Amino acid sequence: MTPDGTPRIKLAIQKSGRLTDNSLDLLTRCGLKYSRRKDQLVCFGENMPLDVLLVRDDDIPALVEDDVCDLGIVGFNVVEERRLARLAAGVSSPFEQVMSLDYGRCRLSIAVPEQRRYDGPRSLSGLRIATTYPHLLRRWLDEQQVEAEVVTLSGSVEIAPSLGRAEAICDLVSTGATLAANRLVEAEVVLDSHAVLIRTPGLLESAREEWISRLLLRMNGVQQVRESKYIMLHAPRSALEQISALLPGSEHPTILPLEGTDEKVAVHAVCRENVFWETLEGLKAAGASAILVLPVEKMLP
Ligand code: PRT
Ligand code: ZN
């Protein structure tokens, strides 16, 4: 509780790993001010009733499930594996997934040694597949009606084939460099993943819910502006339709008159997709001039 009685929200994020910098950056962009000392496990929000717990990513679903934390940011791969494991144990929906976040992208894939012939899922029949994601792999194998042995490891999955522990693996891939270094080839994508925000299921007290809603709104705003740009340009009235169609991800550009001319107007638009040089060249070719592209700092729908 804060001195005025507002309950404090607890959010768990990864302490040190691939999701840490992006998660802290997201919170800073949401307006959170905090001080962080090295090895500190909790960052206390100075201007919001929000405290950030820094933990191992694998612990985050359980912390949210057990109500130690109200919210958590973790990979979809971790969330789905945990959900399937809990389902197998007879526990349904231990947490709610409330938002997809635009970082931590990777895929859980099955890979086979370079020299092994692969002609689709049937090629995996009878093989041993090493993974740290047994439930996700099992679900995929069942969907494909493939009978294979799931070998559960706690890490270093990529060396399992060369150690003779498995004939294939199922692991996270982002650039593919680890697979290539271990002479493995990606064969099937089992799950596409990215960071997600999860929360405890069920309604919390209203002051807490209110702050969670505010935070979600801000997170949405931050995500929307990341790729967004504000474009300003002058356009001949005759080319307005063509120029508007070229503005990426913009629905309703603002059209303003220009002093001293009836033939040209000013066009202002928020583009929700990346604006490339090719787009600007296209706009210019269509007759646009005085083109300005500005970053968007904040945006609320
Ligand atoms: O210490 P802690 O348990 O918190 O961290 P961790 O080592 O378990 O997790 P970490 O930091 O590696 O990953 C956290 C989350 O980032 C994962 O749960 C995924 O949601 C996401 N993510 C995104 C990845 C990758 N990309 C990734 N490439 N997680 C792991 N990898 C590993 C993969 O396991 C393999 O070893 O990177 C290697 C492959 O990378 P490439 O680029 O060579 O293909
Ligand atoms: Zn982990």
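Since the model is a prediction, treat every value here as computed from it, not as a measurement. As a basis for the values below, the full set of heavy atoms in this structure was taken, side chains included, without hydrogen atoms, waters or symmetry mates. Order of listing sets the numbers, starting from 1, for every ligand and every atom in it.
If you check which protein heavy atom lies closest to atom 39 (C) of ligand 1, you get Thr178 OG1, 3.4 Å. Among all non-hydrogen protein atoms, the one lying nearest atom 1 (O) of ligand 1 is Arg56 NE, 3.6 Å. In terms of protein heavy atoms, atom 20 (O) of ligand 1 is closest to Asn77 OD1, 2.6 Å. Protein heavy atom at the shortest distance from atom 28 (N) of ligand 1 is Ser174 OG, 3.1 Å. When only non-hydrogen protein atoms are considered, atom 26 (N) of ligand 1 lies nearest to Cys106 CB, 3.4 Å. Looking only at protein heavy atoms, the nearest one to atom 34 (O) of ligand 1 is Asp171 OD1, 3.6 Å. Scanning the protein for heavy atoms near atom 8 (O) of ligand 1, the closest one is Asp57 OD1, 3.3 Å. For atom 35 (C) of ligand 1, the nearest non-hydrogen atom of the protein is Leu172 O, 3.6 Å.
Ligand 1 places these atoms under 4.0 Å from at least one heavy atom of Gly75: 20 (O). Against a heavy-atom cut-off of under 4.0 Å, Val173 is close to the following atoms of ligand 1: 44 (O). Remark: ligand 1 atoms within the under-4.0 Å shell around heavy atoms of Thr175 are 41 (P), 42 (O), 43 (O), 44 (O). Set against the non-hydrogen atoms of Ala177, the atoms of ligand 1 under 4.0 Å away are 43 (O), 44 (O). Residue contact check: Gly17 has heavy atoms under 4.0 Å from atoms 11 (O) of ligand 1.
Criterion: ILVMFWY side-chain heavy atoms under 4.5 Å apart, direct or through other members. Under it, Ile13 and Tyr103 are part of a common hydrophobic cluster. Taken together through direct or relayed side-chain contacts under 4.5 Å among Ile, Leu, Val, Met, Phe, Trp and Tyr, Leu197 and Val79 form parts of separate hydrophobic clusters.
Remark: aromatic rings of His268 and Tyr230 are close, center separation under 6.0 Å.
Of all N, O or S atoms in Asp58, the one lying closest to the Zn ion (ligand 2) is OD1. Looking only at N/O/S atoms, Asp57 comes nearest to the Zn ion (ligand 2) through OD1.
Side-chain atoms of Thr279 do not come within 3.5 Å of backbone N or O of Val275 as any donor-acceptor pair.
Among the candidates Glu65, Glu81, Glu80, the single residue satisfying the salt bridge (charged side-chain N to carboxylate O under 4.0 Å, His left out) test with Arg86 is Glu65.
With salt bridges taken as basic N to acidic carboxylate O contacts below 4.0 Å, one links Asp70 and Arg208. Glu297 and Arg29 are not joined by a salt bridge, as no carboxylate oxygen comes within less than 4.0 angstrom of a charged side-chain nitrogen. Taking the charged nitrogens against the carboxylate oxygens, Glu167 and Arg128 do have a contact shorter than 4.0 Å, which makes a salt bridge.
Remark: distances from the non-hydrogen atoms of Arg105 to ligand 1 include one below 4.0 Å.
At a heavy-atom distance under 4.0 Å, only side-chain atoms of Val78, from C-beta outward, approach ligand 1. Here Val157 has no heavy atoms under 4.0 Å from ligand 1, in either its backbone or its side chain.
Looking only at side-chain heavy atoms (C-beta outward), Val150 and Leu141 come within less than 4.5 Å of each other. With contacts defined as side-chain heavy-atom distances shorter than 4.5 Å, the pair Glu186/Arg107 qualifies.
Of the options Gln14, Glu158, Arg18, the smallest heavy-atom separation from atom 6 (P) of ligand 1 is shown by Gln14.
The 12-atom threshold is not exceeded at NZ of Lys10, counting heavy atoms of other residues, nucleotides or ligands nearer than 6.0 Å.
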### Task
Could you check Ser289 against Lys264 for side-chain contact (heavy atoms from CB on, under 4.5 Å), going step by step and ending with a plain yes or no?
CA-CA 10 Å; Ser289 56; Lys264 281 192 171 188; 3.3 Å; yes
